[in-house]
Asks: 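This is the structure I have questions about; it appears just below.
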Amino acid sequence: MISLLSLGVPYHLLPSGSLQSLRIIAAKYHQNVDLPPVLPKRKKKPFPTPIKEIRRTARENEKKRKLEGTSHEERVLEPPENGLLVPELIPVAHEVLEARKILIKNILKLLDVIPVIACRYCSEVHVGSVGNEIRTCHGPDNGARNSSHVWMKGYIDDILVPIESFHLFDRLGKRINHERRFEVDRIPAVVELCIQAGVDLPEYPTRRRVKPVRMIGKRVLDPDGIMDETKHTKQGGLNEELDPCGIRPQTNPPPLSSQEIQEAAECALQAWDTMRGGAWKLLKKYPVKACGYCSEVHVGPWGHRVKLCGAFKHQWRDGKHGWQEATLDELIPPNYVWHVRDLAGPPLSNHLKRFYGKAPAVVELCVQAGATIPERYKAMMRLDIVIPDSQEAEMVA
């Protein structure tokens, strides 16, 4: 079907219906988008919710309390703030956990077929047997190497970045202090979010309240009283289906056909979208905190008090974390990598890096294995840009 624009018809001569359709298409599918910014390590992360909006919400809540005649100290709590579960989000939590299992299972299959390499000195990851020549290494002695990467074999931890948090038996109980940091188990943050949202795992028991709690100021009034955590011991630990940290590929993996590889890639890509979509729904209700200086994440209404932050100006804070609202990318890091259009072609050049696109590591791995590129990632991957050779790139403005 030939469009009027391809024939050179100006915009002002197009029918009103055609112009409206073009605007809808342009708003839905961008030609290309900016690559994700690299936040400086010597600055605090920006707040997900602007300070002005936080203050405006606080003023509205104060007016609402005065109209309802409630006490200034006592707050009216709704699930999950009052300790109860949100019934409509329990199936979502089960879907997220099941999608994580499927994602890990299929990524382990793809790693036996598609080579993945990682930089020895920084967090850069590359999907392909030959590493890129883009000089973006910020690791130790990068000046001596002219910011070039030193590539080594990559594993599943490089594709799915492990983000762990403390497991809370009672999410409204006492905060974890520095002295108890070795007494509390650490599990993947997504798994901990699913547990608090209604998933029961015998490995990590958690308290399920029947009666809602009241909160006066920062005091929690629990009608059921304090429950002894030591009486509820865990039964073993997480299996490899939920916690793949440290798993290494098989030495002699069974051979897979091209159809099986493509099916595993499509299944992994679908599970990735399901896990992130479900986690986004859970984040809207269940509070998750992230440190504004480092990558620490805590699932719960208040951050813990463990003094292990070693990021910018941690001496001024005595090693305490600067807690703020967590984003989806902090809970499940996408770990963007450079998109390679041809694995058998020449390595990506540093002089042409402005013509290359990026994609999450999971998406890039699945695409290289034969999965269909999702529409929302095409703009960042810059598939519509023709990559010139080195001599032509010098003539481009």
Side-chain angles (χ1 to χ4, degrees), residues 35-41 45 48 96-97 99-108 110-111 114-128 131-132 136-139 149 151-167 186-194 238 240-249 268-269 271-280 282-283 288-299 308-311 321 326-339 358-368 377 380:
L35 301 181
V38 179
L39 298 178
K41 294 184 178 180
K45 302 175 189 174
V96 171
L97 204 63
R100 178 178 170 84
K101 294 179 182 179
I102 297 173
L103 178 63
I104 294 172
K105 177 183 176 182
N106 288 280
I107 284 183
L108 288 174
L110 297 178
L111 285 177
I114 306 297
V116 174
I117 53 180
C119 182
R120 186 184 296 272
Y121 298 104
C122 70
S123 59
E124 185 78 12
V125 178
H126 183 78
V127 179
N132 61 64
T136 54
C137 184
H138 299 284
H149 297 284
W151 300 107
M152 57 181 291
K153 184 177 177 57
Y155 301 101
I156 189 171
D157 298 347
D158 301 310
I159 300 296
L160 292 177
V161 180
I163 298 294
E164 294 184 340
S165 68
F166 287 105
H167 169 62
R186 289 180 67 85
I187 61 176
V190 181
V191 179
E192 175 63 18
L193 179 61
C194 295
L238 289 179
E240 295 180 353
E241 293 182 344
L242 291 175
D243 188 8
C245 184
I247 296 180
R248 296 295 179 258
L269 200 55
W272 168 258
D273 292 337
T274 303
M275 183 178 69
R276 283 182 62 90
W280 173 246
L282 297 178
L283 277 176
V288 178
K289 303 297 180 182
C291 180
Y293 300 94
C294 67
S295 60
E296 180 72 10
V297 171
H298 182 77
V299 183
L308 290 179
C309 184
H321 296 284
T327 61
L328 180 62
D329 288 346
E330 290 173 323
L331 181 68
I332 308 175
N335 195 16
Y336 290 98
V337 299
W338 294 100
H339 172 58
K358 281 190 173 184
V362 174
V363 177
E364 177 69 11
L365 179 65
C366 296
V367 168
Q368 298 297 348
Y377 295 114
M380 186 177 293

Asks: Run the side-chain contact (heavy atoms from CB on, under 4.5 Å) test against Ala189 and tell me which residues pass, sequence neighbours left out.
Replies: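 With neighbours one apart ignored, the set is Ile163, Ser165, Val297, Val299, Leu331.
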
Asks: Measuring from Asp158:CG to Met152:CE, what's the distance to the nearest 0.5 Å?
Replies: 8.0 Å

Asks: Compare all side-chain heavy atoms of Glu192 with those of Phe166 and state whether any distance is below 4.5 angstrom.
Replies: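 Side chain of Glu192 against side chain of Phe166, heavy atoms only: no contact under 4.5 Å found.
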
Asks: Can you find a pair of side-chain heavy atoms, one from Val362 and one from Leu160, that are under 4.5 Å apart?
Replies: yes

Asks: For the atom pair CZ (Arg100) and CE (Met275), what is the distance rounded to the nearest 0.5 Å?
Replies: 6.5 Å

Asks: Would you say Arg120 has more than 12 foreign heavy atoms packed within less than 6.0 Å of its CZ?
Replies: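 No, not enclosed.
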
Asks: Which atoms form the tightest heavy-atom contact between Trp272 and Pro333, and what is the distance?
Replies: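 Nearest heavy atoms, Trp272 then Pro333: CH2-O, 4.1 Å.
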
Asks: Does His339 reach the side chain of Gln368, with side-chain heavy atoms less than 4.5 Å apart?
Replies: yes

Asks: If you count the non-hydrogen atoms of other residues, nucleotides and ligands that lie under 6.0 Å from CH2 in Trp151, is the total more than 12?
Replies: yes

Asks: Tell me the salt bridge (charged side-chain N to carboxylate O under 4.0 Å, His left out) pairs involving residues 271-280, sequence neighbours left out?
Replies: Asp273-Arg376, Arg276-Asp329

Asks: So do the side chains of Glu296 and Leu308 get within less than 4.5 Å of each other, counting heavy atoms only?
Replies: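 The answer is no, as the side chains (C-beta and beyond) never meet within the 4.5 Å cut-off.
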
Asks: Ala271 and Ala99: which non-hydrogen atoms are nearest, and at how many Å?
Replies: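 Closest approach of Ala271 to Ala99, heavy atoms only: CB-O, 3.5 Å.
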
Asks: Search all heavy atoms of Met380 against all heavy atoms of Tyr336 and return the closest pair with its distance.
Replies: SD-CE2, 3.4 Å

Asks: Could you grab the distance from atom NE2 of His149 to atom OG1 of Thr136, nearest 0.5 Å is fine?
Replies: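 Output value for this atom pair is 3.0 Å.
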
Asks: For Cys291, is there any backbone N or O sitting under 3.5 Å from a side-chain donor or acceptor partner on Lys45?
Replies: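 Checking the backbone N and O of Cys291 against the side chain of Lys45, a donor-acceptor pair under 3.5 Å is found.
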
Asks: Between atom CG of Leu110 and atom CD1 of Ile159, what is the distance when rounded to the nearest 0.5 Å?
Replies: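 CD1 of Ile159 is found 9.5 Å from CG of Leu110.
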
Asks: Counting C-beta onward and ignoring hydrogens, is there a side-chain heavy-atom pair between His126 and Val337 closer than 4.5 Å?
Replies: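 They are not in contact (no side-chain heavy atoms under 4.5 Å apart), so the answer is no.
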
Asks: Please name the pair of heavy atoms, one in Cys194 and one in Val96, separated by the smallest distance, quoted to 0.1 Å.
Replies: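 Reported closest heavy-atom pair: SG-CG1, 3.6 Å.
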
Asks: Over all heavy atoms of both residues, which pair between Pro48 and Thr327 is shortest? Give the atoms and the distance, please.
Replies: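 Of all heavy-atom pairs spanning Pro48 and Thr327, the closest is CG-CG2, 3.5 Å.
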
Asks: For Asn106, give me all partners under side chain to side chain donor-acceptor pair (under 3.5 Å), at least two apart in sequence or on another chain.
Replies: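 Not a single residue meets the side chain to side chain donor-acceptor pair (under 3.5 Å) criterion with Asn106.
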
Asks: Kindly give the heavy-atom pair with the smallest separation between Leu193 and Ala279, and that separation in Å.
Replies: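 Of all heavy-atom pairs spanning Leu193 and Ala279, the closest is CD2-O, 4.4 Å.
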
Asks: Can you measure from CD1 (Ile107) to CD1 (Ile102) and round to the nearest 0.5 angstrom?
Replies: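 Here the rounded value is 12.0 Å.
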
